[in-house]
K.L.:
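Could you have a look at this structure, given as structure tokens, before my questions?
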Amino acid sequence: MEVVQLQRSFLEYTSSLFQEGFLDAQFSQLQQLQDESNPQFVMEVVTLFFEDTERLLNDLTTALDQSNVDFKKVDAHVHQLKGSSSSIGAQRVTNVCIPFRNTCEEQNIQGCLRCLQLVKQEYFLVKNKLEALFRLEQQIVAAGGVIPMVE
């Protein structure tokens, strides 16, 4: 595929991620921080988010699997996940953390388990979408092109 087509695909795909609510303006801000001196900035930040989120999801699963659930600990993990997802612009992950925190306050174990499944679902969706976006970026660069800025 030629560079212009790849760039067009990149812009259309990125636009769809915003339209479908996967990403918000915070992701655009991250993109604006990327430049020639740090061309992998967004991918590096998002990769750290992936690593952190997978650790948090494992911690949440373990915490909710206890016979005596520590809801304050669960809430602390969800609060951290909400903050990190918000900081990279993963809007749908952030949005499902809100009812999760409310469910923790109510100490509703079944509600927390349902929320955990929703968080996992939204996380893996956005992870797959961002990985596809990064593959497109790599194809553009490999073809000698420049990553276009999204308006």
Side-chain angles (χ1 to χ4, degrees), residues 1 6-66 69-105 109 111-143 145-151:
M1 203 182 289
L6 287 168
Q7 289 170 325
R8 187 176 305 118
S9 294
F10 175 85
L11 289 171
E12 289 170 0
Y13 188 68
T14 303
S15 179
S16 75
L17 295 179
F18 284 95
Q19 289 170 358
E20 294 170 25
F22 286 104
L23 302 175
D24 64 21
Q26 187 62 37
F27 188 80
S28 297
Q29 300 237 338
L30 272 182
Q31 288 179 311
Q32 290 171 9
L33 294 173
Q34 183 167 292
D35 58 21
E36 299 83 33
S37 68
N38 198 354
Q40 301 293 311
F41 178 75
V42 174
M43 191 175 350
E44 289 169 4
V45 170
V46 171
T47 298
L48 289 172
F49 166 73
F50 291 160
E51 292 167 3
D52 191 45
T53 299
E54 291 185 20
R55 179 187 52 77
L56 283 168
L57 290 174
N58 286 333
D59 290 349
L60 281 164
T61 301
T62 301
L64 289 170
D65 202 29
Q66 302 302 308
V69 174
D70 181 348
F71 286 98
K72 284 190 193 308
K73 184 184 221 178
V74 172
D75 184 57
H77 291 317
V78 177
H79 180 70
Q80 187 177 353
L81 177 58
K82 182 176 175 254
S84 62
S85 59
S86 177
S87 72
I88 70 139
Q91 183 175 2
R92 285 171 50 164
V93 175
T94 303
N95 289 347
V96 293
C97 287
I98 296 166
F100 198 163
R101 292 200 67 204
N102 294 337
T103 307
C104 288
E105 274 183 37
I109 184 70
C112 283
L113 290 168
R114 280 191 302 276
C115 286
L116 178 59
Q117 290 310 309
L118 275 174
V119 167
K120 285 181 178 181
Q121 178 183 336
E122 290 299 335
Y123 165 69
F124 286 113
L125 275 171
V126 78
K127 181 180 182 191
N128 289 335
K129 303 266 184 194
L130 288 171
E131 286 173 340
L133 185 69
F134 296 146
R135 282 192 299 275
L136 259 176
E137 282 184 0
Q138 290 167 343
Q139 289 173 340
I140 291 168
V141 171
V146 178
I147 308 300
M149 285 304 293
V150 179
E151 298 299 316

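For the numbers below, each heavy atom of this structure counts, side chains included, while hydrogens, waters and symmetry mates do not.
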K.L.:
Sequence neighbours left out, what pairs pass side chain to side chain donor-acceptor pair (under 3.5 Å) with at least one residue falling in residues 112-122?
P.N.:
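Found T61-K120, R92-E122.
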K.L.:
Among all residues two or more places apart in sequence or in another chain, which pass the side chain to side chain contact (heavy atoms under 4.5 Å, CB included) test with C112?
P.N.:
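Checked C112 against side chain to side chain contact (heavy atoms under 4.5 Å, CB included); matches are L64, F71, F100, T103, C104.
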K.L.:
Side-chain donor-acceptor pairs under 3.5 Å in residues 27-36, sequence neighbours left out?
P.N.:
residue : atom : partner : partner atom : Å
Q34     : OE1  : F41     : N            : 3.4
Q34     : OE1  : V42     : N            : 2.9
Q34     : NE2  : P39     : O            : 3.2
D35     : OD1  : S37     : N            : 3.0
D35     : OD1  : S37     : OG           : 2.6
D35     : OD1  : N38     : N            : 3.1

K.L.:
Can you tell me how far apart CG (L133) and OG (S9) are? Round to the nearest 0.5 Å.
P.N.:
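Reported to 0.5 Å precision, the distance equals 11.5 Å.
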K.L.:
Once salt bridge (Lys or Arg N to Asp or Glu O under 4.0 Å) is applied, do any residues pair with E54, and if so which ones, sequence neighbours excluded?
P.N.:
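Expected list: K127.
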K.L.:
Sequence neighbours excluded, which residues qualify as side-chain hydrogen bond (donor to acceptor under 3.5 Å, both in side chains) partners of D59?
P.N.:
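In terms of side-chain hydrogen bond (donor to acceptor under 3.5 Å, both in side chains), with neighbours along the sequence ignored, D59 is linked to R55.
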K.L.:
Under the side chain to side chain contact (heavy atoms under 4.5 Å, CB included) rule, collect the residues that match up with E51, sequence neighbours excluded.
P.N.:
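Testing E51 for side chain to side chain contact (heavy atoms under 4.5 Å, CB included), a comparison that skips the adjacent residues, returns T47, L48.
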K.L.:
To the nearest 0.5 Å, tell me how far L81 CG sits from L56 CG.
P.N.:
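Interatomic distance, L81 CG to L56 CG, rounded to 0.5 Å: 5.5 Å.
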K.L.:
Can you tell me how far the CG atom of L57 sits from the CZ atom of F124, to the nearest 0.5 Å?
P.N.:
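Rounded to the nearest 0.5 Å, the CG-CZ separation comes to 6.0 Å.
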K.L.:
Grab the two heavy atoms, one from V146 and one from I140, that are nearest each other, plus how far apart they are.
P.N.:
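Closest heavy-atom pair between V146 and I140: O-CG2, 3.6 Å.
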K.L.:
Quick one: side-chain hydrogen bond (donor to acceptor under 3.5 Å, both in side chains) partners of Q19, sequence neighbours excluded?
P.N.:
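Once residues adjacent in sequence are excluded, the partners of Q19 under the side-chain hydrogen bond (donor to acceptor under 3.5 Å, both in side chains) criterion are S15.
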K.L.:
Could you give all pairs that pass the side chain to side chain donor-acceptor pair (under 3.5 Å) test and reach residues 77-88, with sequence neighbours left out?
P.N.:
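Qualifying pairs, neighbours excluded: H79-R101, S85-T94.
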K.L.:
Identify the two heavy atoms, one from L136 and one from F10, that lie closest to each other, and give their separation to 0.1 Å.
P.N.:
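Closest heavy-atom pair between L136 and F10: CD1-CA, 3.8 Å.
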K.L.:
In Å, rounded to the nearest 0.5 Å, how long is the span from CG of D24 to CG of L17?
P.N.:
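Taking CG in D24 and CG in L17, the distance rounds to 12.0 Å.
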K.L.:
Distance from L11 atom CG to L6 atom CG, nearest 0.5 Å?
P.N.:
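Going from CG on L11 over to CG on L6, the span is 11.0 Å.
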K.L.:
Looking at CG of L23 and CD1 of I88, how far apart are the two atoms once the value is rounded to the nearest 0.5 Å?
P.N.:
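Atom-to-atom, L23:CG and I88:CD1 are 7.0 Å apart.
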K.L.:
Does any pair with a residue in residues 128-143 pass side chain to side chain donor-acceptor pair (under 3.5 Å), and if so which ones, sequence neighbours excluded?
P.N.:
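The answer is none; no pair qualifies.
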K.L.:
Which residues pass the side chain to side chain contact (heavy atoms under 4.5 Å, CB included) test with Q40, sequence neighbours left out?
P.N.:
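By the side chain to side chain contact (heavy atoms under 4.5 Å, CB included) rule, Q40 matches M43, E44.
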K.L.:
Measure the shortest side-chain to side-chain distance between L130 and F49 over non-hydrogen atoms and say whether it is less than 4.5 angstrom.
P.N.:
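The answer is no; the side chains never approach within 4.5 Å.
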